[in-house]
Each structure stands twice: as structure tokens, then as C-alpha cells.
Amino acid sequence: MTRIQELLFEHQDIKYADFQANLTPGLPRERFIGVRTPVLRDLTKKMAGPCAFMEELPHFYFEENQLHAFLIAGQRDFALCLEQLEAFLPYIDNWATCDQLSPGIFKKNTKQLLPYIDRWLDSSHIYTVRFGIGMLMKYFLDADFEVKYAERVAAIPADRPYFRSKGQRTAYIENITVGKALEEEPVAGECPYYISMMIAWYFATALAKQYEAVLPFIEERRLDPWTHNKTIQKALESYRILPEQKEYLRTQRIRTQRSFANAKNSKEKAPVGIENSKKKH
């Protein structure tokens with residue numbers, strides 16, 4: 001056991017680990033120690049700056065990934081932050097770590113960030129794509145908004161193979177090379193659940209902030225039916241969208257039979273300390 005793991009286990013809360021595991025159904029229960037976010041942030045402050053821990057990838061425990069994400073988020077050097085982020089992104093294997101990774105330094109460097117976002121959206125890694133969408137939602141829906149950013153999100157292809165982690169992608173390439181069967185195939189043919197949910201979240205937020213500019217994406221059915229309807233659902237929950245706008249959006253729903261095989265067991269719930277999407281929009 002590493003020193004970091006020992007520190008994390010000193011703050012273990014079994015019931016909280018059960019709670020976190022329930023919120024993150026894509027990870028097995030043994031990956032959770034049960035350390036609350038304020039404790040992780042306190043540890044981050046004590047570890048501020050580059051450290052050997054950040055070179056030890058992949059991490060096994062969810063809390064190690066959270067700690068790594070918080071260290072990157074606190075980085076004050078833009079170039080170093082991007083370097084650390086690019087090294088870490090392929091190893092993110094859950095929506096919670098992805099969504100809580102929000103480097104503060106990006107706010108002052110949005111223009112320099114755009115080329116990276118564009119590359120992240122082209123990734124075959126589910127959570128890298130999700131992170132890229134999240135950055136467009138966070139920094140490019142207000143004064144810096146341009147319709148081309150919404151077009152970029154709407155154009156994320158469903159027909160590329162998507163992987164949950166760098167390990168899954170590596171196994172896929174190695175096995176395909178030697179002609180071996182895979183235990184788990186990459187997702188293809190439709191955007192994975194956690195990408196589609198983020199696309200819906202993006203467009204619901206865009207409707208709240210840039211209604212007239214984004215409404216054609218709904219009227220012209222530019223999203224797949226499931227994501228289209230999820231966008232409307234999230235928009236109807238928003239306090240920032242006018243009642244008459246909501247009434248019109250209700251008329252834009254699409255009848256659909258599409259469903260995700262694991263959607264019933266993969267509902268996105270915000271971890272403690274993060275407002276849920278209903279409150280956000």
C-alpha cells in the first residue's frame with residue numbers, strides 16, 4: 001500500500017463508500033475507500049505542486065483519481081496544467097471524476113484552450129469527450145459563445161468506437177492485432193450514455209443562455225432522438241427558461257424507442273458537494 005493510500009484509508013467511512021459506489025455504478029465497489037470531498041481537498045492543499053503520486057498511473061481507487069483531479073484543478077501554470085491534464089484524461093473511468101475536474105486557470109486562458117477542446121471532442125475515450133463538452137459548456141456559452149461550438153457538439157459522431165478507459169483501448173488494439181476475441185467490445189453505433197447525457201446537458205444549458213441561437217438545433221432535429229428528448233427534459237427543469245419557451249419546447253418532443261441497455265442502472269447523480277443538474281438548469 002502506498003503512502004497516499006494509507007492516508008486515504010485513515011479517513012475511511014464505509015457507509016460513505018457504499019453511497020459513492022451507488023452514485024457511480026460503472027465502477028466496482030472495491031474501488032471505493034469512502035473519503036469525503038472536504039478531506040480530499042485538504043489533502044490536496046498539503047500536496048500542492050508536482051509530486052510522484054501524479055506519475056503513478058493508473059490509480060486503483062476512486063479517491064486517488066479524485067485527489068489527482070483536484071491537484072490538476074489547483075495548478076496555476078496554464079501550460080503545466082494542460083500537460084498534467086493530457087496525461088491524466090485517458091485514465092479517467094467515471095463521470096464523477098470527469099465532472100469535478102475543473103482547472104481554475106482555464107478561466108483566464110479560454111482562447112488558448114479551444115484547440116485542446118477540439119482535440120478532446122475527437123477522442124475515442126468516453127470521458128475525454130465528456131470533459132471537452134463540459135469545458136465548452138463552462139466557458140463558451142456566455143460572452144464567448146459562437147454557434148459553431150454548438151455545431152461541434154451536435155456533430156460528435158456515434159459511429160466511432162468509444163472506450164471507457166485507456167486500458168480498454170489498449171486491450172482492444174492488442175487483441176485485434178493478434179485476432180483474439182474481446183471480453184468487452186467498445187461501444188459503437190450510438191453515443192455512449194455518458195456522452196449523450198453531457199450533450200443533453202450542454203444543449204439544455206445553451207437553451208437557458210442562448211435560446212434563439214440554439215433553438216434551431218431542436219426544431220431541425222439535429223440531435224439523435226434520445227438526446228433531443230433528454231435536452232428538452234433538462235430544459236423544462238430549468239429556472240432560467242421562460243414558461244412560454246418551455247411550452248414551445250414541449251411541442252418539440254420526439255417519439256422514440258431508443259434506450260440505453262444500462263441507462264436504468266446508470267442514472268447520473270451529482271456527488272456530495274456538487275449541485276445536481278436540475279438545480280444548475
*Asks:* Are the charged groups of Arg250 and Glu247 less than 4.0 angstrom apart, N to O?
*Replies:* yes

*Asks:* Are more than 12 heavy atoms, taken from residues, nucleotides or ligands other than Arg76, located less than 6.0 Å from that residue's CZ atom?
*Replies:*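 Open.
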
*Asks:* Counting only heavy atoms not in Lys138, do more than 12 fall under 6.0 Å of its NZ?
*Replies:* no

*Asks:* Going through the distances and angles, do Thr110 and Met135 end up as a side-chain contact (heavy atoms from CB on, under 4.5 Å)?
*Replies:* CA-CA 9 Å; Thr110 53; Met135 293 300 98; over 6 Å; no

*Asks:* Within a strict 4.5 Å, meaning less than it, do heavy atoms of the Ser102 and Phe131 side chains meet?
*Replies:*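 A side-chain contact under 4.5 Å is absent here.
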
*Asks:* Testing the 3.5 Å rule here: is there a donor-acceptor pair between the side chains of Tyr248 and Glu219?
*Replies:* yes

*Asks:* Taking the side chain as C-beta and beyond, is there a heavy-atom pair between Trp226 and Tyr193 under 4.5 Å?
*Replies:* yes

*Asks:* Quick one: are the ring centres of His59 and Tyr91 less than 6.0 Å apart?
*Replies:* no

*Asks:* Using 4.0 Å as the upper bound for N to carboxylate O, is an ion pair formed by Arg3 and Glu6?
*Replies:*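 Yes.
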
*Asks:* Side chains of Ile195 and Pro192, heavy atoms from C-beta outward: is any pair under 4.5 Å?
*Replies:*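 They are in side-chain contact.
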
*Asks:* Take Ile92 and Asn65 through the side-chain contact (heavy atoms from CB on, under 4.5 Å) test and state the conclusion after the steps.
*Replies:* CA-CA 7 Å; Ile92 295 177; Asn65 280 326; over 6 Å; no

*Asks:* Both conditions, 6.0 Å and 45 degrees, for the charged tip of Arg222 above the ring of Phe217: are they met here?
*Replies:* yes

*Asks:* Is the shortest side-chain heavy-atom distance between Lys209 and Arg240 below 4.5 Å?
*Replies:*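 Touching, per the 4.5 Å side-chain cut-off.
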
*Asks:* Heavy atoms, side chains only, cut-off 4.5 Å: are Phe203 and His228 in contact?
*Replies:*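 Phe203 vs His228: side chains apart.
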
*Asks:* Rounded to the nearest 0.5 Å, what separates atom CD in Glu83 from atom CG in Asp77?
*Replies:*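 Nearest 0.5 Å value for the CD-CG distance: 9.0 Å.
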
*Asks:* With a 6.0 Å cut-off on ring centres, are Phe163 and His125 close enough?
*Replies:* no

*Asks:* Drop me the distance from Tyr16's OH to Glu63's CD, to the nearest 0.5 angstrom.
*Replies:*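 The OH atom of Tyr16 sits 8.5 Å away from the CD atom of Glu63.
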
*Asks:* Do Met47 and Ile4 touch side chain to side chain, with heavy atoms closer than 4.5 Å?
*Replies:*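 Result yes, sub-4.5 Å side-chain heavy-atom pair found.
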
*Asks:* Are side-chain heavy atoms of Val35 and Gln12 found at a separation under 4.5 Å?
*Replies:*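 A side-chain contact under 4.5 Å is absent here.
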
*Asks:* Evaluate the side-chain contact (heavy atoms from CB on, under 4.5 Å) criterion for residues Leu121 and Ile133: first the C-alpha distance (whole Å), next the side-chain angles of each, then the deciding distance (0.1 Å), finally the verdict.
*Replies:* CA-CA 7 Å; Leu121 296 180; Ile133 300 169; 3.7 Å; yes

*Asks:* Cation over ring, Arg41 on Phe70, under 6.0 Å and within 45°?
*Replies:* yes

*Asks:* With rounding to the nearest 0.5 Å, note down the distance linking OH in Tyr139 to CZ in Phe106.
*Replies:* 7.0 Å

